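Report on one structure; see the data block that follows.
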Amino acid sequence: MNLDGKVALVTGAGRGIGYAIARSLCEAGATVYLASRNEAELEKARAECDPQGTGRARTLRMDVSDSHSVAVAGQRLTQDGGRLDILVNSAGVNLRGPVETYPEEAWDTVIDTNLKGVFLTARMAYPMLKKQGGKVVNIASLMSEIARPTIAAYVASKGGVRQLTKALAVEWAPDNIQVNAIAPGFIATEMNLPLTRDETFNAMVIGRTPARRWGTPEDISGTALFLVSPASDFLTGQIITVDGGLLASL
């Protein structure tokens, strides 16, 4: 899994799954652009990924839901040499509420970040990935396959990520670009912290997950490392579920 000489862009890299993936790519030898809207989180993540200050971890302020912000990030990458071998689309949000009272603005925020953001970032990255072939890993969800109450927008967005992954894989295969997705199960991240502290919900997760625990961001980063390595060169259009066996047991 040696990634020496590779250049990666990871969105949502300030914390959670995105951060864990960015760190694993740095440790494997890649130069990694950590992208997020939150500059404070980015700087902290950069320092932890590259404590020696080698320049292997670089920050990139970017709002994936905004086409202008994505274009500016693309210009930065071009100015830095225009090489990109790996794209990980991990930025995501979840705003809960019942459909009958759900605000349109909240729907737009979730869809624009989780789904349109993947489209905009992938479109921006394509010319650079095409030069030498590359890897795209999208973060889908267990909710790409099933659903729960009060998260209709999130379910719709992640179902879209699932299908967009397949569409990109088919369209970009002739360019030697492999596009796959990881569908995490219940992962103990900052976004899910209230759920891990809810005794009823926590008991449900542990009771229905054959592994009998929440997943960790590191559980996802290991799979991502495989998907961006040469070991996955004939693997494309796949959604790999990393959920401790939950989906298989339903």
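Reckoned from all heavy atoms, side chains included, excluding hydrogens, waters and symmetry mates. All residue numbers in this chain count up from 1 along the given sequence. A quick note: this is a predicted structure, and the numbers were derived from the prediction, not measured.
- Taking every heavy atom of both residues into account, Leu34 and Ala57 meet most closely at CD1-CB, 3.7 Å.
- Side-chain atoms of Pro184 and Val242, non-hydrogen and from C-beta on, never get closer than 4.5 Å to each other.
- Of all heavy-atom pairs between Ala156 and Trp107, the closest is CB-CH2, 3.8 Å.
- Using a cutoff of 4.0 Å between basic side-chain nitrogens and carboxylate oxygens, Asp219 and Arg213 are scored as salt-bridged.
- Residue Pro174 comes nearest to Glu171 through the heavy atom pair CD-O, 3.5 Å, listed as atom of the first residue, atom of the second, then distance.
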Could you walk me through whether Thr189 and Arg15 pass the side chain to side chain contact (heavy atoms under 4.5 Å, CB included) test, one step at a time? CA-CA 8 Å; Thr189 63; Arg15 60 179 182 168; over 6 Å; no
The test is side chain to side chain contact (heavy atoms under 4.5 Å, CB included); show your working for Asp175 and Leu129 and say whether it passes. CA-CA 9 Å; Asp175 299 310; Leu129 293 168; over 6 Å; no
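- Considering every non-hydrogen atom in both Leu115 and Val161, the closest pair reads CD1-N, 3.6 Å.
- Atom CD of Glu100 has more than 12 heavy atoms from other residues, nucleotides or ligands within 6.0 Å.
- Phe186 is connected to Ile206 through a chain of hydrophobic side-chain contacts under 4.5 Å among Ile, Leu, Val, Met, Phe, Trp and Tyr, so both are in one cluster.
- Across all their heavy atoms, Ile177 and Thr236 have their closest contact at O-OG1, 4.2 Å.
- Taken from OG1 in Thr150 to CG in Leu95, the straight-line distance is 11.0 Å, to the nearest 0.5 Å.
- Side-chain contact between Ile17 and Ile182: absent, with no pair of heavy atoms (C-beta onward) separated by less than 4.5 Å.
- Arg123 CZ to Lys116 NZ: the interatomic distance, rounded to the nearest 0.5 Å, is 9.5 Å.
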For the pair Tyr19 and Cys49, evaluate side chain to side chain contact (heavy atoms under 4.5 Å, CB included) and give the outcome as yes or no after the intermediate values. CA-CA 9 Å; Tyr19 166 72; Cys49 288; 3.8 Å; yes
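- A salt bridge is defined here as a Lys NZ or Arg NE, NH1 or NH2 lying under 4.0 Å from an Asp or Glu carboxylate O, and Glu41 with Lys44 fails to meet this definition.
- Two residues are said to be in side-chain contact when any heavy atoms from C-beta on lie closer than 4.5 Å; Thr59 and Glu43 meet this criterion.
- Residues Lys166 and Val170 form no side-chain contact, since every pair of their non-hydrogen atoms from C-beta on lies 4.5 Å or further apart.
- No chain of hydrophobic side-chain contacts below 4.5 Å, direct or via other Ile, Leu, Val, Met, Phe, Trp or Tyr residues, connects Met143 to Met191.
- Side-chain atoms of Tyr33 do not come within 3.5 Å of backbone N or O of Val7 as any donor-acceptor pair.
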Assess the residue pair Lys135 and Asp233 against the criterion (side chain to side chain contact (heavy atoms under 4.5 Å, CB included)); give the C-alpha distance rounded to whole Å, side-chain angles, the decisive distance to 0.1 Å, and a yes or no. CA-CA 9 Å; Lys135 308 282 188 176; Asp233 281 353; 2.7 Å; yes
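- The shortest distance between side-chain heavy atoms of Leu42 and Asn38 does not fall below 4.5 Å.
- Side-chain contact check for Ile240 versus Leu227: some heavy-atom pair is nearer than 4.5 Å.
- Classified by interplanar angle (parallel below 30°, tilted 30° to 60°, perpendicular above 60°), the ring pair Phe201/Trp214 is tilted.
- A donor-acceptor pair is defined here as one N or O able to donate and one able to accept, closer than 3.5 Å; such a pair exists between the side chain of Gln132 and the backbone of Met128.
- Using a 4.5 Å heavy-atom threshold, the side chains of Thr31 and Arg83 count as separate.
- The two residues Ile239 and Ala183 have their closest heavy-atom pair at CG2-CB, 4.0 Å.
- Each of Thr165, Thr121, Asn180 was compared with Asn138 under the side-chain hydrogen bond (donor to acceptor under 3.5 Å, both in side chains) criterion, and only Thr165 meets it.
- Judged by distance alone, the side chains of Thr196 and Asn192 never bring a donor and an acceptor atom under 3.5 Å apart.
- The closest side-chain donor-acceptor pair between Asp63 and Ser69, if any, does not fall under 3.5 angstrom.
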